[in-house]
Amino acid sequence: AYLSALNSGVCGSWALSSTGTVTRTAAPISSGTGVTCTPRLDLKQLELYLPPNTSFSGTLVLTAGPVVGDARVSSSLSVTEAQDTSEANNTASVSLRVAPDGLEVKEVKAGCALTLEGGVKCWGPNILPFPYNSAAPGSGTGYAYDSSLPYTIPGLESGVTYITDRRYSHACVVMVGGAVKCFGDNTSGQLGAGVTGVIANAYNLPVSVVGLGAPAIAVDTGFNYSCALLSTGAVKCWGLLRELTSQAGAPLTTWVNSATPVQMAGLESGVTALSAGKFHLCVIQAGSAKCLGENDYGEIGNGTYAKTGATPAAVQGLGSGVVQIVAGWNTSCAVVNGGAVKCWGANVQNTLQTSPAYSVNTPYQIPGLESGAVAVDVDDVLQCALTQVGAVKCWGYNGNYGLGTGNTLNSYFVPVQVSGLDAGASSVSISTTASCAKTSTGVAKCWGLNKRGEAGVGSILPVAVPTSVKP
C-alpha cells in the first residue's frame with residue numbers, strides 16, 4: 001500500500017514519502033505504521049494506493065504532526081479496508097480535515113466567544129467558579145478566579161445565538177427563541193432577574209432576564225446596565241439607567257435603577273441596531289443614528305454638550321444611510337453608506353483628530369477610512385475598523401499593545417494595519433486590555449496587555465500581535 005496527497009500543492013514532508021506531492025511513488029506502509037505530515041491548509045484529501053493484485057485490510061490512522069501556522073491534522077482520521085483483485089490500480093480516498101490550531105468560533109467578542117456548537121466560552125477576569133459572597137469576586141485572593149484559557153459558561157453549552165463582550169463586569173446572551181440570559185455582577189440589577197445585589201452563583205450561572213415582553217434579537221451591556229433589541233423593533237434596558245430614563249439635567253436622586261427591563265422612550269419601534277456605551281446608548285432607527293443619555297464629552301453627537309436625558313437625539317450629519325453604530329466608554333462611531341467611518345465624543349489621546357480639543361461633539365471623518373469599511377468598534381483610547389477585504393485597522397493609544405503592531409508606538413488619529421490581519425477577518429471587538437478578531441480560518445485571535453488573561457492564549461504576558469485563542 002502507498003500513501004500520497006491528493007492536491008496540487010505540497011503537504012509538507014511525509015515521513016514515509018519521498019516527495020509528499022501528488023504521485024503514487026510514496027514508500028510502502030503497513031497496518032500499524034505511523035505516518036506524520038507537516039500539513040498545509042490546502043491539503044484536502046489523502047489517497048491510499050494499492051498496486052494490482054494486492055490488498056490492504058484494516059484501519060490506517062493519521063496522527064497529528066508538527067503544527068505549521070494555524071494548521072494541524074485531525075488525529076481521528078482513518079481509512080478502512082481497501083482491496084484490489086483486478087489488473088487495474090485501485091484507490092481509496094478520504095477527506096482530510098486540517099483543523100486550525102486555535103478556538104474555532106461563530107463569533108468572537110472581547111473576552112467571550114460563540115462556539116461552533118452554539119455555546120459560550122469566556123476568559124479573563126473573574127470567570128472561574130468561586131464561592132460567591134458579598135465581597136467582590138477574588139477579593140483578598142488576588143486573581144484566583146481569572147482564567148487565561150477559555151472556560152465554558154455552565155448552562156450555555158449550546159442554544160446561544162448572540163453574545164456581548166466582557167469589557168464591563170457582566171455579560172449577556174440571546175438564546176434560540178429570543179430569551180436573554182446574563183451573568184456576572186448584579187450591583188445595580190444589570191442581570192435583569194428582578195432583584196438588585198447578590199444573586200447566588202450568578203457570576204457563574206446565567207440567570208434569565210424577566211419581563212422583556214417579546215423575543216430579543218440582540219443585546220448589549222454598558223456600565224452596570226444592559227439593553228435588548230426586541231423583535232418588535234423596541235429597545236428595553238435594565239440596571240443602572242441613570243439619564244437614560246431621566247429628564248435632561250435631572251438630579252442624581254431621580255436616576256433609576258431597575259432590576260427589570262424598562263421601555264426606552266422614543267424607541268418603541270423601528271430600531272434595527274443598538275449599542276450600549278458607558279452611560280449613553282446609540283441606535284439605528286429607520287436608518288438614522290440616534291443617541292441618548294450622558295453627553296459630557298459630546299458622545300451623543302448632536303453638536304452640543306447638553307444632556308439629552310431620556311430623549312433620543314439625532315446624530316448630526318449622518319443622514320439616513322447609517323450601516324452600523326457603536327457606543328464606547330465616552331466615544332461613539334458609525335459606518336455610513338459607502339464605508340466611511342466617523343466618530344465623536346471624547347478625544348482622549350487624540351484618537352479622533354489632531355486638535356487639542358478634549359472632545360468632539362459632531363461626527364469627525366477618520367483619515368484613511370473615507371470608504372471601504374464594514375464595521376467599527378470603539379473603546380475610550382482605541383478604535384478599530386474592519387474593511388471590505390477583511391483587513392483590521394486600528395488607531396489610538398498603543399501602550400497596552402492595542403494596535404496589534406508588535407510594538408507600543410502610538411498612532412493617534414491615523415489607522416494602522418494590525419499585524420497578520422490584512423485580509424479575511426470577519427469581525428473585530430476591542431477593549432482596553434485585549435481585542436479580538438475572527439480570522440479567515442474561523443479561528444479567534446486576540447492581542448493586548450493581557451494582564452489578567454484577557455487574550456485567552458494561556459498566559460498573562462503581553463500579546464503584541466494577534467495570537468490564536470487556545471481551543
Side-chain angles (χ1 to χ4, degrees), residues 107-112 114 161-168 170-174 180 182 190 216-230 233-244 261 264 266-267 270-295 297-302 308 310 312-315 318 321-336 341-346 351-352 363 366 373-380 382-386 427-432 435-436:
E107 184 59 276
V108 63
K109 297 290 180 72
C112 286
L114 179 59
T161 62
Y162 193 97
I163 61 172
T164 69
D165 56 46
R166 287 191 69 234
R167 72 180 76 187
Y168 300 108
H170 71 294
C172 297
V173 305
V174 178
V180 175
C182 300
Q190 59 263 46
I217 58 176
V219 64
D220 203 10
T221 56
F223 186 83
N224 285 5
Y225 77 97
S226 312
C227 294
L229 173 59
L230 306 182
V235 173
K236 292 186 177 182
C237 300
W238 56 96
L240 179 59
L241 300 182
R242 291 174 57 108
E243 293 159 330
L244 295 178
M264 294 294 100
L267 303 180
V271 178
T272 56
L274 88 166
S275 180
K278 180 186 177 184
F279 294 130
H280 73 293
L281 174 70
C282 292
V283 303
I284 299 177
Q285 187 177 41
S288 297
K290 296 181 179 180
C291 298
L292 63 149
E294 189 173 273
N295 195 32
Y297 299 90
E299 56 264 52
I300 300 301
N302 64 346
T308 66
V315 178
L318 296 185
V322 181
V323 175
Q324 186 217 11
I325 194 165
V326 60
W329 189 252
N330 290 312
T331 308
S332 308
C333 291
V335 178
V336 300
V341 175
K342 299 185 178 185
C343 299
W344 58 96
T351 53
L352 301 188
I366 301 300
V374 295
V376 65
D377 200 15
V378 55
D379 195 53
D380 195 22
L382 176 70
Q383 284 89 48
C384 293
L386 177 70
S427 68
V428 62
S429 176
I430 70 173
S431 73
T432 301
S435 301
C436 301

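These numbers come from a predicted model, not from an experiment.
- Looking at D220, its side chain does come within 3.5 Å of a backbone N or O of A276 through a donor-acceptor pair.
- Applying the side-chain contact (heavy atoms from CB on, under 4.5 Å) test to D377 and every residue at least two apart in sequence or in another chain returns R167, V326, S429, I430.
- No donor-acceptor distance shorter than 3.5 angstrom exists from the side chain of K342 to the backbone of L318, with no hydrogens or angles considered.
- Across all non-hydrogen atoms, the minimal contact from C291 to W344 is SG-CZ2, 4.4 Å.
- Here A218 pairs with Y162, L229, L274 under the side-chain contact (heavy atoms from CB on, under 4.5 Å) rule; sequence neighbours left out.
- At a threshold of 4.5 Å between non-hydrogen side-chain atoms, the residues Y168 and W329 count as touching.
- Residues satisfying the ring-ring contact (aromatic ring centres under 6.0 Å, His included) test with F279, not counting sequence neighbours, are F223.
- Pairing each heavy atom of T161 with each of L114, the nearest pair is O-CD2, 3.8 Å.
- When all heavy atoms of D165 and A110 are compared, the pair lying nearest together is CB-O, 3.4 Å.
- Residue T331 comes nearest to A346 through the heavy atom pair OG1-O, 3.3 Å, listed as atom of the first residue, atom of the second, then distance.
- Distance check: L230 CG to I217 CD1 gives 8.0 Å after rounding to the nearest 0.5 Å.
- Formation of a donor-acceptor pair under 3.5 Å by the N295 side chain with backbone atoms of I300 is found in this model.
- Taken to the nearest 0.5 Å, the CG atom of L267 stands 9.0 Å off from the SG atom of C227.
- Here S427 pairs with E107 under the side-chain hydrogen bond (donor to acceptor under 3.5 Å, both in side chains) rule; sequence neighbours left out.
- A search for side-chain contact (heavy atoms from CB on, under 4.5 Å) contacts involving C172 returns T164, H170, V180, C182, V219, T221, S226, not counting sequence neighbours.
- Heavy-atom minimum distance, N224 versus Q190: OD1-NE2, 3.1 Å.
- Looking at V323 and V336, their side chains never come closer than 4.5 Å, going by heavy atoms from C-beta outward.
- The existence of a salt bridge linking E294 and R242 is confirmed by a sub-4.0 Å separation between a basic side-chain nitrogen and an acidic carboxylate oxygen.
- Annotation: the span from M264 atom CE to C237 atom SG amounts to 4.0 Å, rounded to 0.5 Å.
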| task | Please step through side-chain contact (heavy atoms from CB on, under 4.5 Å) for the pair L244 and Y225, ending with a clear verdict. | result | CA-CA 10 Å; L244 295 178; Y225 77 97; 3.7 Å; yes
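- In this structure E299 satisfies the side-chain hydrogen bond (donor to acceptor under 3.5 Å, both in side chains) test with no other residue, sequence neighbours excluded.
- Across all their heavy atoms, A385 and V341 have their closest contact at CB-CG2, 4.3 Å.
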Run the side-chain donor-acceptor check on residues 280-290: report pairs under 3.5 Å with partners two or more places apart or on a different chain.
from	atom 1	to	atom 2	distance (Å)
H280	NE2	S332	OG	2.8
Q285	OE1	K290	NZ	2.9
Q285	NE2	G266	O	3.1
Q285	NE2	S269	O	2.8

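- With sequence neighbours excluded, the residues forming a side-chain hydrogen bond (donor to acceptor under 3.5 Å, both in side chains) with D379 are T432, listed by chain and number.
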